[in-house]
Structures are given as structure tokens and as C-alpha cells.
Number of protein chains: 2
Amino acid sequence: MSRTLAKVDYSEEEIRQAEIAKALGHPLRIKIIKLLSIQSCCCTGDLTAVFPLAQSTISQHLKVLKDAGLIQGNIEPPSVKYCLHEKNWPAAKQSFRQLFED
Amino acid sequence: MSRTLAKVDYSEEEIRQAEIAKALGHPLRIKIIKLLSIQSCCCTGDLTAVFPLAQSTISQHLKVLKDAGLIQGNIEPPSVKYCLHEKNWPAAKQSFRQLFED
DNA sequence: AATGTTCATCGCAAATATACGATATTTTTT
DNA sequence: AAAAAATATCGTATATTTGCGATGAACATT
């Protein structure tokens with residue numbers, strides 16, 4: 001990896017689609033996205049209450065989704081409310097739907 | 001990982017969606033899927049001609065897609081023709097579209 | 001039988017992902 | 001100012017992914 005000399009030329013969109021897919025490539029992150037689709041927002045605490053996983057683990061998964069731009073965290077003391085990213089999520093859906101077109 | 005004691009209870013569908021996403025989580029595999037969507041079939045040789053990657057590397061990516069059930073390889077001497085998986089690919093699309101519903 | 005073609009698999013090295021507990025940070029409440 | 005609550009981040013261990021070259025297996029051609 002990155003021992004590669006030649007480079008494959010990927011389009012921006014292909015790279016983005018792979019990024020999105022990678023971020024969704026874990027069942028917990030699928031669950032989180034589904035949850036946010038339904039109830040619009042939740043905070044880390046909500047998730048630690050539901051899942052038998054360390055708080056740090058959940059936080060890390062949230063970070064993956066956040067780094068991929070799929071969710072956004074709005075600080076709302078005393079907690080952080082996570083929502084699907086206002087702009088990026090619709091864009092991600094759009095970009096991804098192309099792959100799944102008939 | 002798998003050092004975990006407690007288990008999160010994921011539905012079959014969530015697991016499947018994550019599997020699919022994971023398999024698509026690399027730009028080369030996105031490119032391959034796109035290619036197969038357009039031209040229906042190709043063999044490893046076609047891909048090694050197009051991408052500046054070792055034949056073994058490409059074969060490995062094909063294996064990831066095959067293991068995820070997204071493509072199928074039909075032996076057609078002297079080469080192997082890869083296509084989107086007749087049954088699984090439509091099912092995968094369907095399963096995945098749910099995530100991207102409005 | 002020997003050679004060539006096409007593809008898969010093995011073995012390796014480096015990078016990344018996953019999970020955890022411990023600790024740091026930030027803000028609220030006492 | 002001190003304590004509590006909610007998250008993020010760090011450090012660590014293990015597993016998985018990604019890439020390569022080398023080798024193996026299957027079949028066709030010479």
C-alpha cells in the first residue's frame with residue numbers, strides 16, 4: 001500500500017463513493033445512520049445506553065462517520081447532538097444512488 | 001476486535017448492508033462494479049490492461065467482490081468472465097437503496 | 001511432452017481498522 | 001472552587017486490508 005509507484009486514475013466521484021462505502025462498512029455505523037434517519041438526532045450517550053460497547057468505541061465510530069462527512073455534531077450542552085450532515089448526506093445519497101441505478 | 005465479550009445485536013440486513021458497503025469501500029472496486037454495470041462482463045486480463053496494478057492485486061480485489069457475492073466469475077476458457085452476480089447484485093441494490101431512501 | 005496463457009493463491013511488509021481502558025477536555029451543577 | 005457529566009483522544013493489542021512478487025493450477029497450442 002502506497003508502495004505503489006504507478007497510480008490508477010480515479011475520478012473524484014469514484015473516490016468519494018468509495019469513501020462513503022468505507023464509512024458505512026461496519027454494522028454499528030449502519031445502525032447509527034439508520035437511527036439518525038429515523039429520529040433525526042442523538043447523542044453519544046444515547047448510543048452508549050443502547051449498545052454494549054465502550055464509550056470510546058462508539059465515539060470512534062462516530063468519528064469515522066463524521067470524518068467521512070456523513071454526520072455532523074452540534075454541541076448542545078451538556079451533550080453533543082449528532083445528525084445526518086445537512087448538506088453532505090443528501091449529496092452522498094445522490095452520488096451513491098447512481099451506482100445502484102438500473 | 002473479537003476481544004469483545006458483549007455482542008451488539010445486529011439484524012441480518014444490517015450485517016449484509018455493512019458487508020456490501022465494505023466490499024465497495026475501495027475506488028478500484030467501485031470502478032470494477034461500474035464497468036460491469038456498463039459492459040456486462042470482463043475478465044481479469046481486461047482489468048490488468050487498464051489499471052497499472054499487479055495482476056495479483058486485481059485478482060484480490062475481484063475476490064473481495066466475489067466473496068461479498070456482488071460478482072460472479074464464469075469460467076470461459078481460456079479466461080474467466082466476471083459479471084455482476086445475477087441474483088445477489090439486484091438484491092444488494094435493493095437492500096442498499098433502503099438506506100438511501102428519502 | 002513442452003510451452004504459453006490466464007488466473008488464483010501464498011507469503012511478505014506496511015498501513016489501517018477495531019476494540020478497550022485510561023486520561024484529558026469541556027461545560028454544568030453544586 | 002470543586003465535583004459531576006458528557007465526549008473526545010491517547011496508547012495499546014490484535015486483526016484486517018492493501019500492495020507486491022513468486023509460485024501454482026488449468027487449459028490450449030505447438
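Reminder, nothing fancy here: chain letters follow the sequence lines and each chain counts from 1.
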Would you indicate, yes or no, if C:dT6 has its OP1 or OP2 atom less than 4.0 angstrom from a side-chain nitrogen or oxygen of B:Ser79? no

Strictly below 4.0 Å: does A:His26 bring a side-chain N or O up to OP1 or OP2 of C:dA19? yes

Please state how far atom CG in A:Asn74 lies from atom P in D:dT7, giving the value in whole angstrom units. 13 Å

So, is B:Arg29 near the phosphate of D:dT17, with a side-chain N or O under 4.0 Å from OP1 or OP2? no

Phosphate oxygens OP1/OP2 of D:dT17: is one of them under 4.0 Å from a side-chain N or O of B:Lys22? yes

Does B:Phe100 have its ring centroid less than 6.0 Å away from the ring centroid of A:Phe100? no

Gap between atoms CG and P, on B:Leu28 and D:dT17 respectively (whole Å): 16 Å

Distance below 4.0 Å between B:Ser56 side-chain N/O and D:dG21 OP1 or OP2: no

D:dA8 P sits how many Å from A:Leu62 CG, rounded? 7 Å

Of B:Gln55 and B:Ile75, whose nearest nucleotide on DNA chain D comes first from the 5' end? B:Gln55

Looking at B:Glu86, I want to see if its CD is surrounded by more than 12 non-hydrogen atoms of other residues, nucleotides or ligands under 6.0 Å. no

Euclidean distance, atom CD1 of residue A:Ile32 to atom C1' of D:dT7 [Å, nearest integer]: 14 Å

Rounded to whole Å, CG of A:Asp67 lies from C1' of D:dT9 at a distance of 13 Å

Taken to the nearest whole Å, CZ/A:Phe51 to C1'/D:dT7 is 17 Å

So, is B:Lys63 close to the C:dC7 phosphate, meaning a side-chain N or O under 4.0 Å from OP1 or OP2? no

Qualifying side chain to side chain donor-acceptor pair (under 3.5 Å) pairs with a residue from residues 44-60 of chain A, counting only residues at least two apart or across chains: none

OP1 or OP2 of D:dT9 sitting under 4.0 Å from any side-chain N/O of A:Ser59? no

Contact under 4.0 Å: B:Tyr82 side-chain N or O vs C:dT6 OP1/OP2: no

If you find the nucleotide of DNA chain C closest to B:Thr57 and the one closest to A:Ala54, which residue's nucleotide is nearer the 5' end? B:Thr57

Between D:dA6 (P) and A:Lys81 (NZ): distance, integer Å: 11 Å

Nucleotide nearest B:Gln60 when distance is taken to its side chain, options D:dC20, D:dA8, C:dC20: D:dC20

Less than 4.0 angstrom from a charged side-chain N to a carboxylate O is my criterion; do A:Lys93 and B:Glu101 meet it? no

B:Arg16/B:Glu19 salt bridge by N-O under 4.0 Å criterion: yes

